[in-house]
Amino acid sequence: MTTAEEFVVLLRRVRDRSGLSYRTIAKRAGAVLPASTLATMLARQTLPRRELVTAVLTACEVPPSAVRQWIAVWERLAEGAATPAPAPVDAGPVPFQLPPAPPVLVGRDAELDRLAAGHAGVWLLTGAGGVGKSALAVLAAHRAAGRHPGGCLYVDLRGASADAAPSEPHDVLLGFLRALGVRTAPATVDEASALFRSTVADRAMVIVLDNAGSAAQVRPLLPSGPRTTTLVTSRWRLPDLDVTRRLAVEPLPATAGRDLLAHLCGPERVTAEAAAVSDIVRLCGGSPLALRIVGARASGRQTFSSLAAHLDDDARHLDELEVGDLSVRAGLRVGYRSLPTDLAPSVFRLAAVPDWIELGAAACAAMLDAPAVAVERALDVLLDAHLVESPAPGRFRYHDSVRIFAREQADAVDPPAVQLAARERLAAVMFSATASAARTLFPHDPLPYGEIGTTAQRLIGPDATTAQAWRWLEQERVNLRMIASQEYAAGRALPAIRDLGVAVAKYLDYAGHFVDQARLGQLAIAAARRLGDQRGTAQALNTLAIAMLRHERRREGIELLDQALAIRRELGDRAGEAACLNNLGNAHRDNGDLDDALRCLERSLALRKELSDRYKTGSTLDNIGIVLRRLGRFEEALDHHRAGLAITRELDDRLREALVLTNLAETEHVAGEQHQALGHAERALAISRELHHDRGCGLALQLLGDIHASLGDTTRARSCHAEAAELLHEPAIGVEAPTAG
């Protein structure tokens, strides 16, 4: 510190972060420091008396060693103080219009530090309604007041008010001028703005323009002097407002949300119901307003567990987020009613009707049957109003509370037929794009596309590369599951849901998304059974069985495959029988039954050769190689891997090539051929990375770690194993296998 002003600013920060009131600090300091003296001292820019500094620091529980450092700095500043500056010329009244500072502001230290470190100019604080912009601006202004002896001005511009018109700039300016001692009342907003700027030109002031509704409302109120700091808050991004700095006020992280509830309701209650509190913070989306309402409700008789259950019920969610004059629904209504009367309100309502987690603009346009350019503009408007979020460029999502509110508005405005049409269009276009992506990834697989590939779609091009198709499915897989679940629950699109689960099964298996594989498999089985489709049931049973096997639920997986095999044989479906036998062989292999595994796989291989299915023949050869490796028959195993690899390369299936190379390399590694194994594993990794195939990368890296360890390179082995562990992590499935029938 080099100045007395800096010393006081930091001393004030000690007091702010202690959370103690002036009265408490004064009480701790005894007769040395009356509360009024403390408030005056921390509002000045001059060096306080030494005994007052010691009293404040001690009362705030600063360790004695740190107090000694503070006093050393105080002595240096006191010794170097220049002769007193002449008294300032009286510039009129010094207003202090700031509302009381919030007693506690949880989770905003980083934002406060940014505001404290910033220079004079115009700051724009933006964020969704209820995120705490106003509280942050007011507290930052209180902390900055000591550095701005010209005073503090504050106005609520009511740009986000449900029950009052926005403040007129002319009226605001006249109020500011009166507070500054100016008795002239200019007739126009331009004259008032010019006089205001002249009046404050030489002052160091803090001005808070809270709840701004538009850039046009704010511009006349901005000073032009070099020493004034202006804090503007708005729930809109105001891209047309020229500012010095922009600060996006985001929802609270989970830890800060729990801390806020602990402050409101007591840490003991938060600890006692920790799981429910975590659910509440998630369901509130980190909104300080929503958490304050929950805290108010929990301070009565409601438990956190009951509140969490109510918030998790869409029918009660927004009702639970109202108490007194605090309401999340009312805040959302303000933002919704402020939307321009073009496409934006319709997009806001109807895009919320189908279930999805995040979506691109093209899918939204297809859902609404509207031009893509117009929908993109509407989404930008919603983004500016913080009614949707953008987790990645071109991707959009709702917070849970906002989606529920949007659906309420849709129910009030849009007829059921209109909502149903939006859901059907989105399901059709997403399912059709899935068929295109799966065809690109697995051109040699006879996957069922009949019911999901008939709708014209513009989400993925017909000339998409393997990498592009893979990325599209990675982005949309959760959306596909949610849309399919919603349509199944309504009893619609059953043939498409039956086929979807099978069409994406291989991609999900390759990618390691076993949870989605299991859930789509469950839906496909249920849809096929409701349709009375035995063949479809067998295909879907196979999908779910593979997911079970991947999570080492082998008994359930084998039971499902046995059910599927019985259906295939009853139908005389020899290709389906071969597929079941192949998968049963893999299941028995992983279960340690190598003889049964080899019998199933060899029978599958014979059927596939008989059917002239060269692609599947290559896959089965590779699987037999794995069993032979485990039987210790390494030369035979290598021959089978190489034969499978040759077919895969002949058919130019690069995804499959990477997996076969990994299997070949693992057999070479076990057989002691480390350098050959290293080359094949590195090639598998390169292909998988090129195709953005994370699970393929993980399997290759896991094997590379083992190979490097065998070669004595423990550093590279640890690095490969660590990266593989990140890529191969997958949560438990958490679903029940269906019963026979």
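- With sequence neighbours excluded, the residues forming a salt bridge (Lys or Arg N to Asp or Glu O under 4.0 Å) with Glu61 are Arg28, listed by chain and number.
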If you look only at distance, which donor and acceptor atoms sit under 3.5 Å apart when one is on a side chain in residues 595-602 and the other is two or more places apart or in another chain?
{"residue": "Asp596", "atom": "OD1", "partner": "Arg599", "partner atom": "NH2", "Å": "2.1"}

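- For Glu636, the side-chain contact (heavy atoms from CB on, under 4.5 Å) partners are Leu628, Arg633, not counting sequence neighbours.
- Looking at residues two or more places apart in sequence or on another chain, you find a side-chain contact (heavy atoms from CB on, under 4.5 Å) between Glu610 and Arg574, Leu607.
- Evaluation of the salt bridge (Lys or Arg N to Asp or Glu O under 4.0 Å) rule for Arg608 yields no partner, not counting sequence neighbours.
- Contacts of Glu682 classified as side-chain contact (heavy atoms from CB on, under 4.5 Å), with partners at least two apart in sequence or in another chain: Leu678, Leu704, Arg716.
- Glu690 pairs by the side-chain contact (heavy atoms from CB on, under 4.5 Å) definition with Arg654, not counting sequence neighbours.
- Every residue two or more places apart in sequence or in another chain that forms a side-chain hydrogen bond (donor to acceptor under 3.5 Å, both in side chains) with Lys616 is listed here: Asp445.
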Kindly list each side-chain donor-acceptor pair under 3.5 angstrom involving residues 575-584, sequence neighbours excluded, with atom names and distances?
{"residue": "Glu577", "atom": "OE2", "partner": "Arg569", "partner atom": "NE", "Å": "3.1"}
{"residue": "Glu577", "atom": "OE2", "partner": "Arg569", "partner atom": "NH2", "Å": "3.4"}
{"residue": "Asn582", "atom": "OD1", "partner": "Thr620", "partner atom": "OG1", "Å": "3.3"}
{"residue": "Asn582", "atom": "OD1", "partner": "Asn623", "partner atom": "ND2", "Å": "3.0"}
{"residue": "Asn583", "atom": "ND2", "partner": "Asn542", "partner atom": "OD1", "Å": "2.5"}
{"residue": "Asn583", "atom": "ND2", "partner": "Ala579", "partner atom": "O", "Å": "3.3"}

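- Distance alone, capped at 3.5 Å, places no donor-acceptor pair between the Ser390 side chain and the Pro393 backbone.
- Applying the side chain to side chain donor-acceptor pair (under 3.5 Å) test to every pair with at least one member in residues 266-286, sequence neighbours left out, gives these pairs: Glu273-Ser305.
- The salt bridge (Lys or Arg N to Asp or Glu O under 4.0 Å) test applied to Arg477 returns Asp516, not counting sequence neighbours.
- For Arg403 and Trp356, the positive end sits near the middle of the six-membered ring, less than 6.0 Å away and at most 45° from its axis.
- A side-chain N or O of Glu474 and one of His513 form a donor-acceptor pair less than 3.5 Å apart.
- Within the structure, the side chain to side chain donor-acceptor pair (under 3.5 Å) test picks out the following pairs touching residues 697-711 (sequence neighbours left out): Asp706-His721.
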